[in-house]
Amino acid sequence: MSDWPVYAAILAVGIAAYAMRAGGFLAIGAMPQTGLVPRLLRLAPGNLFVAFAAAGILEGGWPSLIGCAGAVAAMAATKKEWAALAAGFAGAAIAASLL
Amino acid sequence: MRRPLNCRALWLMVMAMNSVPSTARPFTAAGFRRGFIAALPFIISNGIAGAVMGVAYRGLGLGFGASVLFSTVVYSATAQAVTLGLWALPPPVAAMMLACAATNARYLVMSAHLRQLFPDMPRRLMLPILLILGDASWLMTVAEAEKGRRDAGYLLGSSVPMAIGWIGGTALGYATPLTPHGPVAIAAAFLPLAFIASLLPTQWRGLRSLLPWTIAAIVGVAVAGTLGQSWAMLIGGGVGTLASALRGDDV
């Protein structure tokens, strides 16, 4: 299969990412400062992450569930992303070898 | 770049700040140097996380060039982890773009504040800098401005080591001569999900998060089982977000 759909998809996602980075700078006058939109913007991340994690656990099974639990616990305890990634990796690997 | 801020704190911070008066040149080489030196530790921390992303990309079957391009043009651990979870052939481009925009919406607020901070910076200079805008470099720049050292050079200088760490880490992680098998391979495939899971404590608003997050999870699982993984986050997260807003969880 040609690689061009892959590169095109990456560039498309890159455009979406840059649109967020530059959008506020370019369109500050058009951005609502109060109301529903800014509220949704600040409430959305946690809910999006939970839905993503739940769907991922459904697909990945016990290793994903235990890995997620390890990552969340380590992040809550240490506030270090690298520690959370290490704990999640270890939890998933141990669960995959035992279950 | 990598660690999203607590969005409520970010919003309150932005809302509370007024435009910083223009007192000096908006971009200096000295500011660039100060920012670069201050952000040097991020070469290591971003490098480690970038290496994890590189390993995940290789496990997904992406080529080296595509993996490095991903970390270069998207340059967001959150968005990259989410889009990695949605990855399929052919790629679901619309879902991936939407997911990227949704997870990176905080940058709208951050760059809007930069416009207030640097109203005298020409767009032709600021827009390229925004390519490597990160959470940490934004925070560092705002903190500098509050100390009376408003300088877009500092923003660029602090952003560069972070980008070097992330992109270079992705390349190194991809090139690492490790071929995981068995449980380690399963754990390696889990890493993108680990990125997202590690962010959950930063978004927790106490018990009031419990109900909307439960709704988001249930809807996400239901959607994953019917429409597929691509839409689980967007629909589940969207329903959960609406529930949060209707309950007034942010006030």
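Scope of the values below: all heavy atoms of this structure, side chains included, with no hydrogens, waters or symmetry mates. Letters A, B, ... mirror the listed sequences (proteins, then strands); counts begin at 1.
With 3.5 Å as the limit, one finds a donor-acceptor pair spanning the side chains of B/S71 and B/Q80.
At a 4.5 Å heavy-atom cutoff, the contact between A/L40 and chain B is made by backbone and side-chain atoms alike. Residue B/S244 touches chain A through both its backbone and its side chain, counting heavy-atom pairs closer than 4.5 Å. With a 4.5 Å cut-off on non-hydrogen atoms, B/A81 touches chain A through its backbone but not through its side chain. Both the backbone and the side chain of A/L26 come within less than 4.5 Å of a heavy atom of chain B. For A/A19, the part lying near chain B is the backbone, with the side chain staying farther off; criterion is any non-hydrogen pair under 4.5 Å. Interface remark: B/V223 contributes no atoms to any contact with chain A (heavy atom separation under 4.5 Å). The parts of A/F89 that come within reach of chain B are both its backbone and its side chain, each placing non-hydrogen atoms under 4.5 angstrom from that chain. For chain A, no part of B/A79 is nearby; none of its heavy atoms comes within less than 4.5 Å. Residue B/F190 touches chain A through its side chain alone, counting heavy-atom pairs closer than 4.5 Å.
Of the listed residues (B/P201, B/A105, B/G236), the one with the most heavy-atom contacts under 4.5 Å to chain A is B/P201. Highest contact tally toward chain A, considering only B/L193, B/V73, B/L69, B/T103, is held by B/L193 [criterion: heavy-atom pairs under 4.5 Å]. For chain B, the option among A/A84, A/A9, A/G91 with the highest count of heavy-atom pairs below 4.5 Å is A/A9. Heavy-atom pairs under 4.5 Å with chain B were tallied for A/G46, A/A54, A/A92, A/A16; the largest tally goes to A/G46. With respect to chain A, the highest number of heavy-atom pairs below 4.5 Å among B/G220, B/A224, B/P212, B/A216 belongs to B/A216. Contact count versus chain A (heavy atoms, under 4.5 Å) is highest, among B/I186, B/L200, B/L127, for B/L127. For chain B, the option among A/G60, A/A53, A/C68, A/G88 with the highest count of heavy-atom pairs below 4.5 Å is A/C68. Heavy-atom pairs under 4.5 Å with chain B were tallied for A/A73, A/A8, A/G56, A/S64; the largest tally goes to A/S64. Counting heavy-atom pairs closer than 4.5 Å to chain A, the top-ranked of the candidates B/I218, B/T72, B/L130 is B/L130. Taking chain A as the reference chain and counting heavy-atom pairs below 4.5 Å, the highest number among B/I235, B/V93, B/I48, B/I196 is found for B/I196.
In this structure, B/T241 and A/A44 approach most closely via the heavy-atom pair OG1-CA, 3.3 Å. Taking both residues in full, the closest heavy atoms of B/G225 and A/L58 are given as N-CD2, 4.4 Å, listed atom of the first, atom of the second, then distance. Shortest non-hydrogen contact noted between B/M53 and B/L84 is SD-CD2, 4.0 Å. The shortest heavy-atom contact between A/A71 and B/A197 is CB-CB, 4.2 Å. Heavy atoms only, all atoms of each residue included: B/P128 and B/R123 are closest at CD-O, 3.9 Å. Nearest heavy-atom pair across B/L133 and A/R21 is O-NE, 2.8 Å.
Although no hydrogens or angles enter the test, the distance criterion places no donor-acceptor pair under 3.5 Å between the side chain of B/Y75 and the main chain of B/L131.
Within a 6.0 Å radius of CG in A/L99, other residues, nucleotides and ligands contribute more than 12 heavy atoms.
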query = Between B/T78 and B/F195, does a side chain to side chain contact (heavy atoms under 4.5 Å, CB included) hold up when you go through it step by step?
reply = CA-CA 7 Å; B/T78 317; B/F195 263 109; over 6 Å; no
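The aromatic rings of B/W138 and B/H113 lie perpendicular to each other, with more than 60° between the two planes, well past the 30° mark.
Atom OG of residue B/S76 and atom CH2 of residue B/W166 lie 8.0 Å apart, to the nearest 0.5 angstrom.
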